[in-house]
Amino acid sequence: MKTMNWVKCVCILSVVCMSHYAKGALITRNNFSLDTSTNIITGNGLNWTRWDALANVSINQALNLYSSEGWRLASSDEMIGMYSHFLSGIDWSSARDENTEVGDIISEDDYQDLVAIFGVTIHIYGGTSSILFGNDLDNDGMYRSAYAFYTDYDPVAGILADNSRNTVDFSSGYYSVQLVRAINVSEPNLFYLIPFVLLFLGVSKSTRL
């Protein structure tokens, strides 16, 4: 009888502890995953911010808010790598030059996969996104932007050359900032194992009585 009571306790605690990890869900597309509990994306060996998280924020503001947590501005290579995963029908390689731009019509499925993970900057016209990023390798104080939105008929996406408007202090409700950081692999929370250890010891003791 005592053993049955211990078994019931174990089952109850299992449900309670597992519920701690069931608050969010993972949405996965093209090897990128969105954790809905943290609103953080993981893919291509990095964490990424969602486009709706930093809308109407300048590059300087975004870095002032989050650089202490390891976030930095996405580079051209990183943005091109991400677009290549989601929009493989376009050759993005020529966009590696800061002064070159690439853009074209994309498929409906590709667009929906992209926004399922990254969201949109502003919810108008079916979702419109312009995203600031770049390295400013030529030290001209100008940064790049990428876009994804619907035209009258088809979705389009592109990566633009650097632009005199896109300084570290530029912000607009139509633009967001793309931050990335190294993936933070957290250690398991051993606190949640303590009840199981205690219950196991208790069950073992009661079965010997």
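Side chains included, hydrogens not; waters and symmetry mates left out as well; all remaining heavy atoms used. Here the structure is a predicted model, which is why all the values come from computation and not from measurement.
With 3.5 Å as the limit, one finds a donor-acceptor pair spanning the side chains of Asp91 and Ser93. Tyr143 and Arg165 share no side-chain donor-acceptor pair at under 3.5 Å. Arg144 and Ser76 are linked by a side-chain donor-acceptor pair at a separation below 3.5 angstrom, with hydrogens and angles left out of the test. Between the side chains of Ser75 and Asp77, no donor N or O sits under 3.5 Å from an acceptor N or O. For the residue pair Thr28/Ser33, the side-chain donor-acceptor check at 3.5 Å is satisfied.
Here the CG-CD distance, from Asp140 to Glu98, works out to 6.5 Å after rounding to the nearest 0.5 Å. Remark: Tyr83 OH to Ser88 OG distance equals 14.0 Å, nearest 0.5 Å. Taking CE from Met79 and CD1 from Ile159, the interatomic distance works out to 6.5 Å, rounded to the nearest 0.5 Å. Atoms CD1 and CG, from Ile41 and Leu26 in turn, are 12.0 Å apart once rounded to the nearest 0.5 Å. With rounding to the nearest 0.5 Å, the separation of CG in Asn99 from CG in Asp162 is 5.0 Å. If you take CG on Leu137 and CZ on Arg96, they are separated by 12.5 Å, rounding to the nearest 0.5 Å.
In this structure a side-chain-to-backbone donor-acceptor pair under 3.5 Å is present from Asp35 to Ser37. Between the Thr128 side chain and the Ile124 main chain, a donor and an acceptor come within less than 3.5 Å of each other. For Gln178 (side chain) and Thr49 (main-chain N/O), a donor-acceptor pair under 3.5 Å exists by modelled atom type. Without hydrogens or angle criteria, Gln61 side chain to Ser58 main chain gives a donor-acceptor distance under 3.5 Å. Remark: the backbone N or O of Arg181 is not paired with any side-chain donor or acceptor of Trp48 at under 3.5 angstrom.
Think of Met142 as one node in a network of Ile, Leu, Val, Met, Phe, Trp and Tyr side chains linked at under 4.5 Å; it has no links at all. In this structure, Leu160 belongs to a hydrophobic cluster whose other members, linked by side-chain heavy atoms under 4.5 Å apart, are Ile105, Tyr147, Phe149, Val156.
A heavy-atom distance below 4.5 Å is not found between the side chains of Asn44 and Glu78. With a 4.5 Å cut-off on side-chain heavy atoms, Ser67 and Arg72 do not count as touching. In this structure, Ser171 and Val57 have side chains that are not in contact, with every pair of non-hydrogen atoms separated by 4.5 Å or more. Side chains of Trp51 and Phe118 form a contact here, defined as non-hydrogen atoms less than 4.5 Å apart. Taking the side chain as every heavy atom from C-beta outward, Val177 and Tyr66 never approach each other to under 4.5 Å.
The residue from Ile106, Ile117, Asp110 that alone fulfils the side chain to side chain contact (heavy atoms under 4.5 Å, CB included) condition with Phe86 is Ile117. Of the options Ile59, Asp136, Leu132, a side chain to side chain contact (heavy atoms under 4.5 Å, CB included) to Asn166 is made by Leu132 and by none of the others.
Residues Leu46 and Phe133 are members of one and the same hydrophobic cluster, defined by side-chain heavy-atom contacts under 4.5 angstrom among Ile, Leu, Val, Met, Phe, Trp and Tyr. The same ILVMFWY cluster, assembled from side-chain heavy atoms under 4.5 Å apart, contains both Phe32 and Leu114.
Sorted by first and then second residue, the salt bridge (Lys or Arg N to Asp or Glu O under 4.0 Å) pairs with a member in residues 41-66 read Arg50-Asp52; sequence neighbours excluded.
Summarising the local packing, CG of Asp138 is surrounded by more than 12 heavy atoms from other residues, nucleotides or ligands at distances under 6.0 Å. Annotation: Tyr174, atom OH; neighbour count of heavy atoms from other residues, nucleotides and ligands within 6.0 Å does not exceed 12.
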